[in-house]
Amino acid sequence: MELSPSYEPKEAEEKWYEYWEKEGYFHADVNDGKEPYSIVIPPPNVTGNLHMGHALNNTLQDILARWQRMKGKSVLWMPGTDHAGIATQNVVERLLAAEGKTKHDLGREAFEKKVWEWKEHSGNQIQGQLRRLGSSLDWERERFTLDAGLSKAVRKVFVTLYDEGLIYQGYRIINWCSRCETALSDIETEFQELDGNLWHIKYPIKGTDEFLVVATTRPETMLGDSGVAINPEDDRHNHLIGKTAILPLMNREIPIFGDSYVDKEFGSGFVKVTPAHDPNDFEMGKRHNLEEIIIMDEHAVINENGGEYKGLDRYAARKKVVADLEALGLLLKVEKHEHSVGHCYRCSTVVEPYLSKQWFVKIKPLADDAIKVVEDGKIRFVPKNWEKTYFEWMYNIRDWCISRQLWWGHRIPAFYCEDCSHITVTMDDPDKCGKCGSANIRQDEDVLDTWFSSALWPFSTMGWPDETPELKKYYPTSVLVTGFDIIFFWVARMIMTGVKFMKDIPFTDVYIHALVRDEHGQKMSKSKGNVIDPLVMMDQYGTDAFRFTLAAFAAQGRDIILSEKRIEGYSSFCNKIWNATRFILMNLGDDFKPEKLNPDKLEVFDKWILHSLNNTVKNVSEALEQYRFNEAANLIYEFWWNEFCDWYLELVKQRLYAKVNISAESSASAKQVLFFVLHKMLLVMHPFMPFITEEIWSRIKAESDSDIIISQWPDFDKSFVFNEDANYTVIFKEIIYKIRNIRGEMNIPPDKKASVVFKTTNVLIKKIIETESVHIQALAKVESITINSDYQPDKTDASAVMQDLEIFLPLSGLIDVEKETARLEKEISKIKADLERVVAKLSSESFTGKAPLEIIEKEKGKEREYSEILGKLQDSLLKLK
RNA sequence: GGGUGAUUAGCUCAGUUGGUUAGAGCGCCUGCUCGACAUGCAGGAGGUCACUGGUUCGAAUCCAGUAUCACCCACCA
């Protein structure tokens, strides 16, 4: 039974995960007849490596899964990964580039094959890393967003929405990433404030010598200008409406027109209008029938519509346009101008607003129902304030661009007829046009936004559109655990598709956790080099310590600023758990047999620790019910270290070592309690620290006991409510504190055993001192104890006061009068302040008149206590002088 | 421009519906190899809870405003 002197995480971690998985403990049995509890993992990208965000996210889910499993639920925690269209394609393209190739050299089919190969060999790293973290995922059910089953779900959703007119093709301004060569949705575009220029350009007005002046942040777009707008109410300029301007460089005649979109106050009051390269201009162009001139290709290089600028990259074109304007004397001025510029969320390239034909989801009808289920409280956000963010976005939601010009993903199931240009959209690939019957059809080249398939995740992973037992039992899922950064990308869309296609919400709770940041509050990223690698942390401090740290940090705020120091601290906690166990096992003896605790045989401190344990069990359960992981972690830490180890283990030593006045029976009962507390606490700690708890459990469990992972979560036990004994212990502890305080402050060396005189008439306190004298001697390092209600202290006594008790330590030869005086004076001034505050409160009529009776009584009690203590402290001080 | 949040000990953070003598860990100071643990034990210092008002018998906690700092959303050329 002997344990090593310190906890070695590595061995336990390797051993147990494999064992649990082999035993099938992670597998959810549809037919087990138990109440379901289900979570779907936010599918990490196949390109992903476990970072802090994943670690936090999955630790919290695992705590919930393990906890519910112990509570006897049928737990399904669904694992899987996301094909991550752009991200994955980028990775493989980069590999090709290293060989000097592009995807076009391979062609679509070969490229796709290459990505699959990459996925099998280099992707999926994260699965092993999730195992390291201890995640009790049901690996037998692992899914991938490009699986056949999920693809079928995607197709079904596309076809249905298309048939209902909710998916349509449109010619619109979208966000174009010229590096990824694809369209992006609005939320895939990240805006950053950048320092730029505002170029003021003179456009000649036809038939006059005059100019108008437009201002722009993107001068190269003027090549595609097809009008100039003025606010019709702008009295300075509205006489020009109907006239014509000459577009410099291109020498194109463009109309000057009125549109209320133009802000009179901004700039010169003239707006150059480029319908093919700006969303607002596009709208104006539609209103005024302007020509839409696309001047760039998909690489953001100027095309044939840009005249002599053809072939120049957008920034080179910008330079040349500006230079040429200046040469012509048409550049009025250049101002510094800060403006927000969109960037690709995958590669950070500046996004170009670009006119192109794309597929969109008409989102409003879906959003309306998704808003309602949250408004009605069917879905609950925790913390609740995230609902606001959700509503804010949903109310202002805009159509979702779902087509991507990529090769990796779900290909859009739309088939164009070359003969009649009808579009056929069906569940199975058609071999002829659905309208004219021509076999001359071709499939759309584009793929769907990655988030289109993840939007279906809660039901597609369970077999939808088939009716499966999994769906029946585990849908809707119990909770979704995720970060606030993907509320729009993912959470909102799952709610929309769930309500639409399952006719039911996808989950009842959405627990939104914080984002992990570095010690300076920065978002962790490789480019900043501020990444704390979870794998390194696990290696260094052990997985349990790491998990416990994340749980302890998971307060319901926005950010978690992780410090390695804290992880180190919790690795000490693991060691503390280990060593307390070691101590217990050393003392139980080989012939120990756990028995049912007999309340009649329990001593006061046994009852106290059981009472406290009982509350801990209850409070941890309640904290978990409310997703207050940090509170649960703190309760565990506090109980184990500050109550069980610091007090109970120390107290029990006297009984185990059978010192004077200790019966064999007392010793035996102490052992039973030690084992009982250890046993229960391992259960309570298991969801947080699965490895160390299973390891210890395996050493103390009876043959017939199950492994801890499937053992029963403890309940609050009414027969362990011992309020009197708890109160008794509070007083006892205070007595110890007081004596230790004197010893500490006076620097009395530990080997100097003091004698103590207690002066009291209080019956309970007398009883405590008499009964616990052995413990007082041991814990406060006291030699002899006297109770004397008439004691007259000596000048050389050090003293302490608590309610109904004065404590004296005769310290002749040891006392430092100056120190003792200072100590007493400090105590006095503290209690004086307290007393004054209470007296002031009680003498205020408004307080005594309006405050509840119990509060007033409480204050009165304090007043009595403080004044008694103050009086005695002052007496002691007088004696010193 | 709109919105959300933060501001509590040297540092990192707790503090649930207003009743506290405002807590923890780390760090700091003092003293300790006491038969589990120096990854430890005992003691201690350290905060006018950002600021200003208000509500209340009572505010770190509720309300309003100010300041500073984050983040999100938005088409101001």
Side-chain angles (χ1 to χ4, degrees), chain A residues 3 5-7 173 186-187 191 198 214-218 229 261-263 265-268 270-274 278-283 337 339-340 353 385-386 388-389 392-393 396 484-485 487-488 515 519 521 523 541 552-553 555-563 565-566 568-587 623 626 628 630-631 634 637-638 645-646 649-650 653 657 737 740-751 778-781 830-831 833-834 837-838 841 844-852 854-856 858-859 862 866:
Chain A
L3 262 55
S6 63
Y7 174 55
I173 298 273
D186 294 332
I187 47 175
F191 284 88
L198 194 56
V214 297
T216 178
T217 52
R218 294 184 292 150
Y261 162 77
V262 178
D263 181 351
E265 313 300 324
F266 187 90
S268 60
F270 294 100
V271 177
K272 61 186 272 309
V273 182
T274 323
D278 182 279
N280 297 308
D281 293 6
F282 177 75
E283 294 299 323
H337 182 69
H339 61 145
S340 72
N385 51 317
W386 288 110
K388 265 192 182 170
T389 308
E392 198 62 33
W393 189 67
N396 302 308
F484 61 82
D485 52 332
I487 290 178
F488 306 149
L515 248 42
E519 56 198 327
K523 206 168 164 175
Y541 302 106
F553 262 112
Q556 299 181 345
R558 282 200 161 217
D559 302 334
I560 292 177
I561 297 178
L562 196 68
S563 69
K565 275 277 182 202
R566 193 77 180 257
E568 195 186 335
Y570 286 121
S571 74
S572 303
F573 181 52
C574 289
N575 192 52
K576 190 78 179 172
I577 294 169
W578 185 259
N579 268 289
T581 305
R582 184 160 168 255
F583 167 80
I584 293 168
L585 295 184
M586 282 168 91
N587 284 288
Q626 299 168 57
R628 296 160 109 44
N630 63 316
E631 200 172 304
N634 288 334
Y637 185 93
E638 160 77 18
C645 290
D646 286 352
L649 292 190
E650 293 305 318
K653 279 177 183 171
Y657 303 154
Y737 278 134
R740 281 176 176 174
N741 175 267
I742 294 174
R743 297 191 62 110
E745 293 271 285
M746 306 299 284
N747 281 341
I748 300 171
D751 55 331
L779 297 191
K781 309 258 187 280
K830 220 191 278 176
I831 200 104
D834 290 342
R837 193 176 39 248
V838 174
K841 222 179 207 180
S844 147
E845 268 177 47
S846 52
F847 175 74
T848 50
K850 292 191 182 171
E854 53 174 286
I855 299 291
I856 298 174
K858 206 169 140 192
E859 293 296 317
K862 277 191 212 164
Y866 294 162

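As a basis for the values below, the full set of heavy atoms in this structure was taken, side chains included, without hydrogen atoms, waters or symmetry mates. So you know, we letter chains A, B, ... as the sequences are listed, proteins then strands, and number each from 1.
For A/Arg740, the side-chain atoms get nearest to B/rG43 when compared with the rest of B/rC72, B/rG43, B/rC75. Side-chain proximity of A/Asn579 to B/rC37, B/rC75, B/rC71: nearest is B/rC37. Distances from the side chain of A/Lys858 to the nucleotides B/rC75, B/rC72, B/rU20 place B/rU20 closest. Of the listed nucleotides (B/rC37, B/rU12, B/rG43), B/rC37 has the atom at the smallest distance from the side chain of A/Arg582. Taking every side-chain heavy atom of A/Asn634 into account, B/rA14 is the closest of B/rA36, B/rU12, B/rA14. Out of B/rU4, B/rA77, B/rU30, the shortest distance to the side chain of A/Asp263 is found at B/rA77. Candidate nucleotides B/rC76, B/rG31, B/rC75 were compared by shortest atom distance to the side chain of A/Pro279, and B/rC75 ranks first. Of the candidates B/rA36, B/rA74, B/rG43, B/rA36 carries the atom nearest the A/Met586 side chain, counting heavy atoms from C-beta on. In the set B/rA77, B/rA36, B/rU16, the nucleotide with an atom closest to the side chain of A/Cys645 is B/rA36. The side chain of A/Asp646 approaches B/rA42 more closely than any other nucleotide in the set B/rA36, B/rA42, B/rA77.
Within the structure, a side-chain polar atom (N or O) of A/Lys850 is placed less than 4.0 Å from OP1 or OP2 of B/rC57. Listed pair A/Lys653 / B/rA36 meets the phosphate criterion, a side-chain N or O lying under 4.0 Å from OP1 or OP2. Contact annotation: A/Ser572 side-chain N/O to B/rC37 OP1/OP2 distance is not under 4.0 Å. Here A/His339 does not reach the OP1 or OP2 of B/rC75: none of its side-chain N or O atoms lies under 4.0 Å away. The side chain of A/Tyr637 places no N or O atom within less than 4.0 Å of a non-bridging phosphate oxygen (OP1 or OP2) of B/rA14. Contact annotation: A/Arg743 side-chain N/O to B/rG31 OP1/OP2 distance is not under 4.0 Å. Proximity of A/Asn741 to the phosphate of B/rG44: a side-chain N or O atom is located under 4.0 Å from OP1 or OP2. Taking only side-chain nitrogens and oxygens, A/Lys576 never comes nearer than 4.0 Å to OP1 or OP2 of B/rC37.
Going from atom OH of A/Tyr657 over to atom C1' of B/rC34 covers 10 Å, rounded to whole Å. A straight line from OH of A/Tyr737 to C1' of B/rA42 spans 11 Å, rounded to a whole angstrom.
Taking the P atom of each, B/rA22 and B/rA45 are spaced 14 Å apart, rounded to whole Å. To the nearest whole angstrom, the two P atoms, one in B/rG10 and one in B/rU56, are 35 Å apart.
Across all strands shown, B/rC34 forms no Watson-Crick or G-U wobble pair with both distances under 3.5 Å. Pairing for B/rG53 goes to B/rC63, judged as Watson-Crick or G-U wobble with the two contacts each under 3.5 Å. The pairing partner recorded for B/rC76 is none, the criterion being a Watson-Crick or G-U wobble arrangement whose two distances lie under 3.5 angstrom. Remark: B/rU68 base-pairs with B/rA6. Criterion, Watson-Crick or G-U wobble with two distances under 3.5 Å. Under the Watson-Crick and G-U wobble criteria, each requiring two contacts below 3.5 Å, nucleotide B/rG43 is paired to B/rC29. Of the nucleotides present, none pairs with B/rU48 by Watson-Crick or G-U wobble criteria with both distances under 3.5 Å.
Toward the 5' end of RNA chain B, the nearer of the two residues A/Ala552 and A/Lys862, judged by each one's closest nucleotide, is A/Ala552. Taking the nucleotide of RNA chain B with the nearest heavy atom to each of A/Phe847 and A/Arg837, the more 5' of the two is matched to A/Arg837.
Under the 30°/60° scheme for interplanar angles, the aromatic rings of A/His339 and A/His337 are found to be tilted. Relative ring orientation between A/Trp393 and A/Phe488 is described as parallel, the plane-to-plane angle staying below 30° on a 0-90° scale split at 30° and 60°. Using cut-offs of 30° and 60° on the angle between ring planes, the pair A/Tyr7 and A/Trp578 is tilted.
Within 4.0 Å (heavy atoms only), A/Pro353 reaches no atom of the nucleic acid at all.
In terms of polar N and O atoms assigned as donor or acceptor, the side chain of A/Glu745 never comes within less than 3.5 Å of the base of B/rA45 in a complementary pairing.
The main-chain N or O of A/Pro5 is found under 3.5 Å from a side-chain atom of A/Asn579 such that the two form a donor-acceptor pair. A donor-acceptor contact shorter than 3.5 Å is absent between the side chain of A/Arg218 and the backbone of A/Asp278.
Between A/Tyr637 and A/Phe573, the ring center distance clears the sub-6.0 Å criterion.
In this structure, the aromatic ring of A/Phe266 is not positioned over the six-membered ring of the base of B/rA77 within 5.5 Å between centres and 30° between planes.
For A/Lys653 and A/Phe583, the positive end sits near the middle of the six-membered ring, less than 6.0 Å away and at most 45° from its axis.
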